[in-house]
Amino acid sequence: MVDIAFGPEPGQRPDAGARHAAYLELTRRKRLYGGLILILFVALMASGFVLADDRNAGGFWNGLPMLTAFPAEVLSEAWAERSRIPGLMAGHLPALIETLNIALVSTLLATLMATVLALLSTRGLARWPRLTMPFRRLMDAMRAVPEIVIALVLIFILGGGPVPAVIAITLHTTGALGKLFSEVAENADLKPVEGLTSTGASWGQKMWLGVIPQVAPNWLSYALLRLEINVRASAILGFVGSGGIGHDLKLAMQWGMGSYAKVVAIFLLLFVTIVAIDQLSDRARHRLVKGK
Amino acid sequence: MTIALATPATGDLLDRFRRRRLAALAVPAAILAYLAYAFVAFDVAGLAGRARLDNAAIFLSDFVSHKVHVTRDNRTGTLTTAIEGEARGTYPAGSHPDWVTTDGTVTTVDLGDGHVVTYDDTGARYVVPGYGTIDIRPGEGGLQLTAPLPLPDWISTSANRIGVTTGHGRFTYTRSKVETFRYFPGWEMFFFTLDSPFYGKGAGELAALALWGDRVDPAQANLPHMLRDFWTNRMWRHGDVAWAIFETVLMAFLGTMGGGLIALPMAFLAARNINPLGPLRFALRRVFDFVRGVDALIWTIVLARAFGPGPMTGALAILITDIGSFGKTFSEAVENLDEKQVEGVRSTGANGVQRLRFGVLPQVVPVLLSQLLYALESNTRGATVVGAIVGGGIGLMLTQAIQTQKDWEEVAYYMVLIVLMVMAMDSLSGWLRRKLIKGG
């Protein structure tokens, strides 16, 4: 800091009394830059807001009072038929289980695939060190493709049902988890691996016995986090095209008036499930990372 | 270590090993059992029956190639050539590509490598090298097919329709029309449509025209003309696509930053070391939990009802969802901060606001900024999905193109653009993270 304030050339060095002024000058410049960035940010936000508002079908200010109209309509109708809701909730349980299965299967498969890909693309651990870069790019590409793109194309080819959703979520999750896994594995202690090398262990044995035990808690924690995300993604994919609770919700919404009790029942199922999974995985992750 | 001490421990150790080995077997077994259950529940075995491999073939061939339809209406005798059979890609009446020749009654379609299709007054013929001539005449009782026997399986026949599929093209004869498809690699009319004077010109020719060639249209210079024709391409709608991509990024930006701005003060109030009021903290936490629990899907639906389709709705949906997740992670970051720095500032006699500004903010800002930028990247991907639900941005264009079930080259184009967009946002957010946090 001081070096910058004084400047490099001895002849131009300000005297010691100017130190205070130099410091203030530095602070002023820092503040100026900070202020400029802030102004730029505010301008971007404001113009973006105006632009988005312009291109929206209904304006923001017109819509604001309407915000509660639809939930109120739904809730009042559902309240009138509240006795039916528990029955409806039970009726949609199979769809909920399908959604949960999609999330769980794809998280499991993705965790397994990400394990292999992460180990193959981590410097110092890779089976083929020259191929770390291609494996990394592969994971980047998998991560960049939104689930919906793959799901919609696969629905065209494979027909509806849970399999397109599973493949779509698995591919994306593999990319996302692979990157996180490899970041964890990079920090793993290499001494156990060296020890295993000295016993003549194969690459698989070195990874399984030397690396996985070290990284497992962190990896599992990331996988659980991903499970939370994937339950939501699976519900959304159902809404856009595949099966599960999202599809039921879409049908109930399309029906409109008269099926709002169903909408509320599905919503309650989804809400309770998501909150429960969040809480469970939160607790499990705390235990995994911070110890018991 | 003496032997006397080690002996009881060894037994214990072996016991633990045995238990561990059992657990190590049980976990994979449980996973396998679950996957087997899912295999049955998802009816994966039945998938083979339901899968439409012909759809996959259509999808893949559209991905890399396009076809040109040469169609004769058998009742009126009019001949049309259309790219992908679309009105937008139809050649003007009387003009055809150079592999189609016609003198009014006899039309010859050259599919290359000796494959020639001829339409004439009596019917149509397809000469397949190495096989022979397939001759079709409409008769009283239906279509009459004359071809070397036995008929191969790439010729399909029924009373009213005869189809021939070879590696060079597809040929279909029905009572009302006769149609030949010729396949070409690449996406059709990607740069210019047929009505543009620049259609069908090579890269060198276009560069020459742009730089020193005579004006194609005397009213305007070639380069702006070219750019405008490209931008307003009716087939690919490059201008609209660019707007849609921009809208998607805008949704992600407004949603992430707006959510961050709103969540920041709430997160401070929900942090134990900032706010001493327990009930308020508890209430705020439950608000975050509620917002996250309701889920983006529901928020998106509710907002779409109020604000109609468009990017604003998408941005608000992302914003509300992010308030929940940011509120939680931000308040955790604030709770984890180092008290020593705050103590130091307090020792100089700073008041509450000053302690916050000089003791707390410098510690948490880098953490929050990095979370914000991570979210920006993942929200760009999310904005595609939200756009598909609320009807805005590239997500909407993608779902529309998929729903037509024929413009797969456009689907491919959008997919490539979405992946590039997400990758660009990924590197942008990574670059900003390095600049703002590590570079200071």
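Lettering of chains follows the sequences in order, A, B, ..., and the numbering in each one begins at 1. No experiment lies behind these values; they were computed from the predicted model shown.
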Residues from residues 301-308 of chain B approaching chain A under 4.5 Å (heavy atoms):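 Within residues 301-308 of chain B, the residues under 4.5 Å from chain A are Ile301(B), Val302(B), Leu303(B), Arg305(B), Ala306(B), Phe307(B), Gly308(B).
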Residue by residue, scan residues 244-260 of chain B and write down, ordered by number, those that have a heavy-atom distance under 4.5 Å to chain A; if none do, write 'none'.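 The stretch touches chain A at Phe246(B), Glu247(B), Leu250(B), Phe253(B), Leu254(B), Met257(B), Gly258(B).
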Most contacts with chain B, counted as non-hydrogen pairs under 4.5 angstrom, among [options]:
options	value
Val272(A), Thr68(A), Leu158(A), Leu112(A)	Leu158(A)
Leu152(A), Val275(A), Ile277(A), Leu270(A)	Leu152(A)
Leu44(A), Asp54(A), Ile148(A), Val153(A)	Val153(A)
Asp140(A), Ile97(A), Leu104(A)	Leu104(A)

Name the region of Tyr414(B), side chain, backbone, both or neither, that has any atom closer than 4.5 Å to a heavy atom of chain A.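 Neither part; nothing is under 4.5 Å.
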Does any backbone or side-chain atom of Leu316(B) lie under 4.5 Å from a heavy atom of chain A? Answer side chain, backbone, both or neither.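 Leu316(B) touches chain A through side-chain heavy atoms alone.
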Run Asn101(A) and Tyr34(B) through side chain to side chain contact (heavy atoms under 4.5 Å, CB included) and show every step you take. CA-CA 10 Å; Asn101(A) 273 336; Tyr34(B) 176 70; 2.6 Å; yes
Distance (rounded to the nearest 0.5 Å) between Arg232(A) CZ and Thr321(B) OG1: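 One gets 9.0 Å once the value is rounded to the nearest 0.5 Å.
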Under a 4.5 Å heavy-atom cut-off, does chain B meet the side chain of [X], its backbone, both or neither?
X	answer
Ile274(A)	side chain
Val166(A)	side chain
Leu108(A)	side chain
Leu154(A)	neither
Phe156(A)	both
Ile150(A)	neither

With a 4.5 Å cut-off on heavy-atom pairs, point out which of Ala38(B), Gly310(B), Pro311(B) contacts chain A the most.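 Of the candidates given, the most pairs with chain A belong to Pro311(B).
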Is there a donor-acceptor contact under 3.5 Å from the side chain of Arg381(B) to the main chain of Arg143(A)?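 It does hold such a pair.
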Residue list, ring-ring contact (aromatic ring centres under 6.0 Å, His included) with Phe282(B), at least two apart or on another chain: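 Per chain and number, Phe282(B) pairs via ring-ring contact (aromatic ring centres under 6.0 Å, His included) with no residue.
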Stepwise side chain to side chain contact (heavy atoms under 4.5 Å, CB included) test for Val105(A) and Phe39(B): CA-CA 10 Å; Val105(A) 168; Phe39(B) 191 86; over 6 Å; no
Looking only at heavy atoms, what is the nearest atom pair of Pro162(A) and Phe42(B), with distance?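 Closest approach of Pro162(A) to Phe42(B): CG-CD2, 3.4 Å.
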Within-4.5 Å side-chain heavy-atom neighbours: [X] and [Y]:
X	Y	value
Lys328(B)	Asp278(A)	no
Ile236(A)	Ile389(B)	yes
Val149(A)	Leu398(B)	yes

Only counting residues at least two apart or in another chain, list the ones meeting salt bridge (charged side-chain N to carboxylate O under 4.0 Å, His left out) with Glu409(B).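 For Glu409(B), no residue satisfies salt bridge (charged side-chain N to carboxylate O under 4.0 Å, His left out) once neighbours in sequence are set aside.
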Atom CZ of residue position Arg283(A) - does it have more than 12 heavy atoms of other residues, nucleotides or ligands inside 6.0 Å?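 Result for CZ/Arg283(A): open.
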Going through the checks in order, is the side chain to side chain contact (heavy atoms under 4.5 Å, CB included) test met by Ile298(B) and Leu249(A)? CA-CA 10 Å; Ile298(B) 311 273; Leu249(A) 180 63; 4.0 Å; yes
